[in-house]
Amino acid sequence: SQTIHQWPATLVQPVGSPLSLECTVEGTSNPNLYWYRQAAGRGLQLLFYSVGIGQISSEVPQNLSASRPQDRQFILSSKKLLLSDSGFYLCAWSPTDRRNTIYFGEGSWLTVV
Amino acid sequence: GNSVTQMEGPVTLSEEAFLTINCTYTATGYPSLFWYVQYPGEGLQLLLKATKADDKGSNKGFEATYRKETTSFHLEKGSVQVSDSAVYFCALSGSYNTDKLIFGTGTRLQVFP
């Protein structure tokens with residue numbers, strides 16, 4: 001069966017510091033991969049999605065970037081965090097041919113102080 | 001473009017009360033509709049789905065019927081439990097399995113004993 005892992009689960013970082021959140025998927029190949037952010041009271045926002053290694057699409061302009069160095073690895077990064085980057089970040093995957101069937105990781109809480 | 005609108009929360013109920021969380025959508029063609037649930041501190045899980053008009057999705061006592069005439073997919077449960085306390089997201093995808101999911105802003109449900 002397929003599983004998705006993301007880490008760290010909780011992170012407190014000062015303004016201006018870098019960020020790296022990592023996500024891996026097991027039990028499937030060539031998944032579509034996603035990063036979502038859930039800010040307090042603002043619902044779920046799609047940040048990035050990837051349909052293959054090195055292929056990243058950004059949904060909204062922002063302070064963050066994403067990379068996919070391996071087929072089942074998806075990394076969310078920032079060089080300098082802002083206070084507004086605080087939120088709950090969710091990695092997710094879907095089968096190659098079914099982008100409307102999404103499976104989520106357990107999320108990472110980021111607090112920028 | 002496609003969009004989803006769901007009722008503002010929080011919804012506060014006593015145990016064994018009847019639950020309705022409203023969801024309406026705007027879409028071209030014949031979208032698929034979903035409800036996801038997010039328990040405290042966790043990622044999202046698919047609760048139920050319906051892929052064509054008049055279909056009823058059901059799971060864990062929750063039901064939602066795809067109503068094309070009213071462009072709605074309201075979530076209902078006859079008798080809620082404290083363990084149902086969570087955030088519920090309505091979501092939509094286009095007619096094709098390769099279309100992305102679009103989420104509503106989420107509705108928090110709080111059930112008290």
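Proteins come first, then strands; the chains are lettered A, B, ... in the order of their sequence lines, and each starts at number 1. These numbers come from the heavy atoms of this one structure, side chains and all, not from hydrogens, waters or symmetry mates.
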Just checking [X]: does its [atom1] atom have more than 12 heavy atoms from other residues, nucleotides or ligands closer to it than 6.0 angstrom?
{"X": "B/E8", "atom1": "CD", "result": "no"}
{"X": "A/K80", "atom1": "NZ", "result": "no"}
{"X": "A/E22", "atom1": "CD", "result": "yes"}

- Scan for salt bridge (Lys or Arg N to Asp or Glu O under 4.0 Å) pairs involving residues 69-81 of chain B, sequence neighbours excluded, and state none if there are none.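 Sorted result for residues 69-81 of chain B: B/K77-B/D84.
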- Shortest non-hydrogen separation from A/Y36 to B/L101 and the atoms involved: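 Residues A/Y36 and B/L101, closest heavy atoms: OH-O, 4.3 Å.
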- Query: Which distance, rounded to the nearest 0.5 Å, do you find between the CG of B/L46 and the CD1 of A/I102?
  - Reply: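 Going from the CG atom of B/L46 to the CD1 atom of A/I102 covers 10.5 Å.
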- Item | Interatomic spacing from CD in B/Q38 to CZ in A/F104 - rounded to 0.5 Å |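 One finds 8.5 Å between CD of B/Q38 and CZ of A/F104.
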- Under 4.5 Å from a heavy atom of chain B, the part of A/I4 involved: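 For A/I4, there is no contact with chain B at all, as no heavy atom is under 4.5 Å.
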- Item | Winner by heavy-atom pair count (cut-off under 4.5 Å) against chain B, out of A/Y34, A/F88, A/Y103, A/W109 |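 Ranked by contacts with chain B, first place is A/F88.
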- Any side-chain heavy atom of A/Q38 sitting closer than 4.5 Å to one from B/F103?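 They are not in contact (no side-chain heavy atoms under 4.5 Å apart), so the answer is no.
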- Item | Options B/K49, B/E42, B/Q45, B/R108, ranked by heavy-atom pairs under 4.5 Å with chain A, top entry |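 Counting heavy-atom pairs under 4.5 Å, the top option is B/E42.
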- Same cluster (ILVMFWY, side-chain, under 4.5 Å), B/Y36 and B/V80: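 No, because B/Y36 and B/V80 fall into different hydrophobic clusters, even though each may have its own neighbours under 4.5 Å.
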Taking only distance into account, with no hydrogens and no angle test, what donor-acceptor pairs under 3.5 Å do side-chain atoms of residues 51-64 of chain B form with protein atoms, sequence neighbours excluded?
residue, atom, partner, partner atom, Å
B/K52, NZ, B/D55, OD1, 3.4
B/N59, ND2, B/L47, O, 2.9

